[in-house]
Structures are given as C-alpha cells and as structure tokens.
Amino acid sequence: MYRKTIAYRWFTGLNTTLLTLISILCILPLVHVAAVSLSSSSAASANQVFFWPVGFNAEAYTRTLANPLFLHSLLLSVERTLSGTLLSMALTVTAAYVLSRSFSGRAFYSWFFVFTMLFNGGLIPTYLVVTNLNLTNTVWALILPSAVNVYNTILMMQFFRAIPKELEEAAHMDGAGYLRSLLTIYLPLSLPSLATLSLFAMVWHWNSWFDGLIYITDYRQYPLATFLQTIIQGGDMRSTNIDPGTLQALSERTVRSSQILIGALPILLVYPFLQRFFVHGLTMGAVKE
C-alpha cells in the first residue's frame, strides 16, 4: 500500500492552499462587479461597494435588459458564438482527421499548418481581404478569419492518432469508408477532446472584441464583447450612442457592471458542464511517424 510521506503531505497542502488562493483572486473581481450592479447609485458612485451590495437595487438589470441596443448585441454574440463554434469544429475535425492519416505528403501539409501558426499575413492584409469580399458589417467578418485554429487542429490530430488503427481497419473490412469511420469510430471516442476544443472556440468567439471594432463600422451591429469594451474605454456611456434612458436614476458604474455580469454569465454557465473533460481532452497521444 502506498504510504504518503511527510514531504508529500506538505507539498499537497501547500499546493492546495496556493490553488485555492488563486481561485479566490479570480472570483473576487466578479463578485465585486455583481455587488456594484446590485447597489444603489450613491454607494456605487462613492466607491463604497466592495464584495456585498450597499443599498440593494436591481434597477440596473431592468434597464439593461430593456435597452434594445444591448439586447441586439447580445443576440449577435450568441449567433456568432454558435455559428463560429460549429464551423470551427467542423473544419478542425475534418482537417485533423486527414492529417492523422498516413499518406504521401502528410509531413508537408502538417508543417504547412504549423507555419501559419508562426507567420501570418498580418492585420492589414486580413482587413483588405475582408473588405474586398464585402464582409464588413456582417457576422461572417467575425467568423471566417478565425474559422481554422491550427493549435486546436494539432491537438485534435494528436488525439486521433492515439486511437488504435485496428478499429478503423476492422471498420474498413466491414465496408465502412473514411467518412463512416470518422462519424462512427473517431468522433464517439473523441468526445472529451471535442468538448474541450468546443469550449475553447466558444470562449474565443464570445470574448473577442477587437475584430468587431475593426470590421464593424456600425455601432448598432457590435457584438457584445465590442459593445462592452467600448463602454468601458469610453467611460461616459453617452459618448457611445447608447440610449440615455438607461442612465436615468442610475450611476454609470451600476449599469456597466450589470452589463458586464450578464455578458459573462453564458460562459460561466456552460463551463462547469465541459470542465470535467479537460484532463482527457487535452491528452496528446504519442506522435507516430
């Protein structure tokens, strides 16, 4: 029977304590934002709120959810996240499956993908491509440029390569083709990896704000992350063309905090269901030449 030494117990205790403190530091800012959003205007403006609401007031959420501009940006972000994740995973899975097979020239294509991780055309060529394709002010301008994530493709490829080849060979003997093997063998065995990479893609699309600032010239078409970033940087919400009715009887801090918290909630709700797949999802099989 394995006996835990004193050094091992000390290491486990210190490691647990350190990770607990880091987790608390990550949670406290969100708790503070929630407290400010539920506080009175005077308390929030006077910086009297820390981790508990002062003068409880939920009016900020009522006015935030009644703001059509905010709701429209929220729906655009949902559309972008769902469409972008589905497209990204479809391309990632198909590319990873092909690269995991043994065929002439596989090494060249693999290094071609890796090369794009290290070098890319840059912001200006990407912007010119998007504008020349008339994608400006459309959701596709936010989805297509980042549709293929090479890092996720490599992770998925290594996961596929760790699956025994005998399973696919047996399927081929029964008459299954490559597409049937992918759908009935590889994908069911790769659910942890699929869940992990899907979460990565969802978080990327939900939190990405810079591309919206570049490719969307109409503020009414901003996704939620760009909308919130504009508010935070602008300071005065009136300067961002937001409905001034949302500021009546409220401080800008409470409204901004309520919008930030609502924007963070979808990912916070999805994350616990997919977090348990992380250990197996990021396991990379041994590289086989």
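Sequence positions, counted from 1, serve as the residue numbers for this chain.
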Check your understanding: Do the side chain of Ser193 and the main chain of Phe159 share a donor and acceptor less than 3.5 angstrom apart?
Key -> no
Point to revise | Pairs where residues 65-91 contributes a residue and the test salt bridge (Lys or Arg N to Asp or Glu O under 4.0 Å) is met, not counting sequence neighbours | key: Arg80-Asp211
Review point. Side-chain heavy atoms under 4.5 angstrom apart, residues restricted to Ile, Leu, Val, Met, Phe, Trp, Tyr: same cluster for Val78 and Leu86?
Key: no
Check your understanding: Considering only heavy atoms from C-beta outward, does the side chain of Leu76 approach that of His72 to under 4.5 Å?
Key -> yes
Study note, to complete from the structure: In this structure, OH of Tyr215 is separated from OH of Tyr127 (nearest 0.5 Å) by 9.0 Å
Review point. Does Thr81 reach the side chain of Trp204, with side-chain heavy atoms less than 4.5 Å apart?
Key: no
**Study point:** Minimum heavy-atom distance Val114-Val150, with the two atoms named
**Key:** N-CG1, 4.3 Å
Review point. Given the rule in the side-chain contact (heavy atoms from CB on, under 4.5 Å) test, do Phe113 and Ile154 qualify, once you have shown the distances and angles that lead to the verdict?
Key: CA-CA 9 Å; Phe113 273 75; Ile154 293 176; 5.7 Å; no
Practice item. Given side-chain contact (heavy atoms from CB on, under 4.5 Å), test Leu189 with Leu167 step by step and report yes or no. Key: CA-CA 11 Å; Leu189 293 176; Leu167 294 176; 3.7 Å; yes
Exercise for review: Would you mind reporting whether Thr85 and Phe200 have side-chain heavy atoms less than 4.5 Å apart?
Suggested key: no
Point to revise | Shared hydrophobic cluster for Ile22 and Val31 (ILVMFWY, side-chain gaps under 4.5 Å) | key: no
Review point. Just how far is it from atom CD1 of Ile163 to atom OG of Ser190, taken to the nearest 0.5 Å?
Key: 4.0 Å
Practice item. State plainly whether one hydrophobic cluster holds both Trp209 and Leu75, where clusters connect Ile, Leu, Val, Met, Phe, Trp and Tyr through side-chain heavy atoms under 4.5 angstrom apart. Key: no
Point to revise | Short side-chain to backbone donor-acceptor contact, Ser88 and Ala147, under 3.5 Å | key: yes
Practice item. Flag the pair Leu194 / Met156 as yes when at least one side-chain heavy-atom distance between them is below 4.5 Å, and no otherwise. Key: yes
Practice item. Kindly compute the distance separating NZ (Lys165) from NE2 (His172), expressed to the nearest 0.5 Å. Key: 12.0 Å
**Study point:** Connected via hydrophobic side-chain network under 4.5 Å: Leu91 and Val203
**Key:** yes
Review point. What pairs with Asn149 under side-chain contact (heavy atoms from CB on, under 4.5 Å), at least two apart in sequence or on another chain?
Key: Tyr151, Asn152
Practice item. Return yes if some donor-acceptor pair links the side-chain N/O of Thr226 with the main-chain N/O of Tyr222 below 3.5 Å, else return no. Key: no
Point to revise | Aromatic ring pairing Tyr186/Phe160, orientation class (parallel under 30°, perpendicular over 60°, tilted between) | key: perpendicular
Review point. What distance separates Trp10 CH2 from Asn15 CG, expressed to the nearest 0.5 Å?
Key: 14.0 Å
Review point. Would you say Pro223 and Ser73 make side-chain contact, with heavy atoms under 4.5 Å?
Key: no
Point to revise | Step-by-step side-chain contact (heavy atoms from CB on, under 4.5 Å) determination, Tyr178 to Val98 | key: CA-CA 9 Å; Tyr178 288 107; Val98 173; over 6 Å; no
Report all side-chain donor-acceptor pairs from residues 134-144 shorter than 3.5 Å, counting only partners two or more places apart or in another chain.
unit_1 : atom_1 : unit_2 : atom_2 : d
Asn137 : OD1    : Thr217 : N      : 2.7
Asn137 : OD1    : Thr217 : OG1    : 3.2
Asn137 : OD1    : Asp218 : N      : 3.3
Asn137 : ND2    : Thr217 : OG1    : 2.9
Thr138 : OG1    : Leu135 : O      : 2.4

Review point. So if you build clusters from Ile, Leu, Val, Met, Phe, Trp, Tyr with side-chain heavy-atom gaps below 4.5 Å, do Val129 and Ile214 land together?
Key: yes
Review point. Looking at side-chain heavy atoms only, is the closest gap between Thr92 and Val148 below 4.5 Å?
Key: no
Practice item. Keeping the roles fixed (side chain from Thr131, backbone from Leu128), state whether a donor-acceptor pair exists under 3.5 Å. Key: yes
Review point. Taking atom CZ of Arg180 as the centre, does the number of heavy atoms from other residues, nucleotides or ligands within less than 6.0 Å exceed 12?
Key: no
**Study point:** Audit row: Ile27, Phe51, side-chain contact (heavy atoms from CB on, under 4.5 Å) steps and yes/no
**Key:** CA-CA 11 Å; Ile27 294 174; Phe51 304 116; over 6 Å; no
**Study point:** From Ser100 atom OG to Leu182 atom CG, the distance as rounded to the nearest 0.5 Å
**Key:** 8.5 Å
Exercise for review: Nearest 0.5 Å please: distance from the OH atom of Tyr97 over to the CE atom of Met157.
Suggested key: 14.5 Å
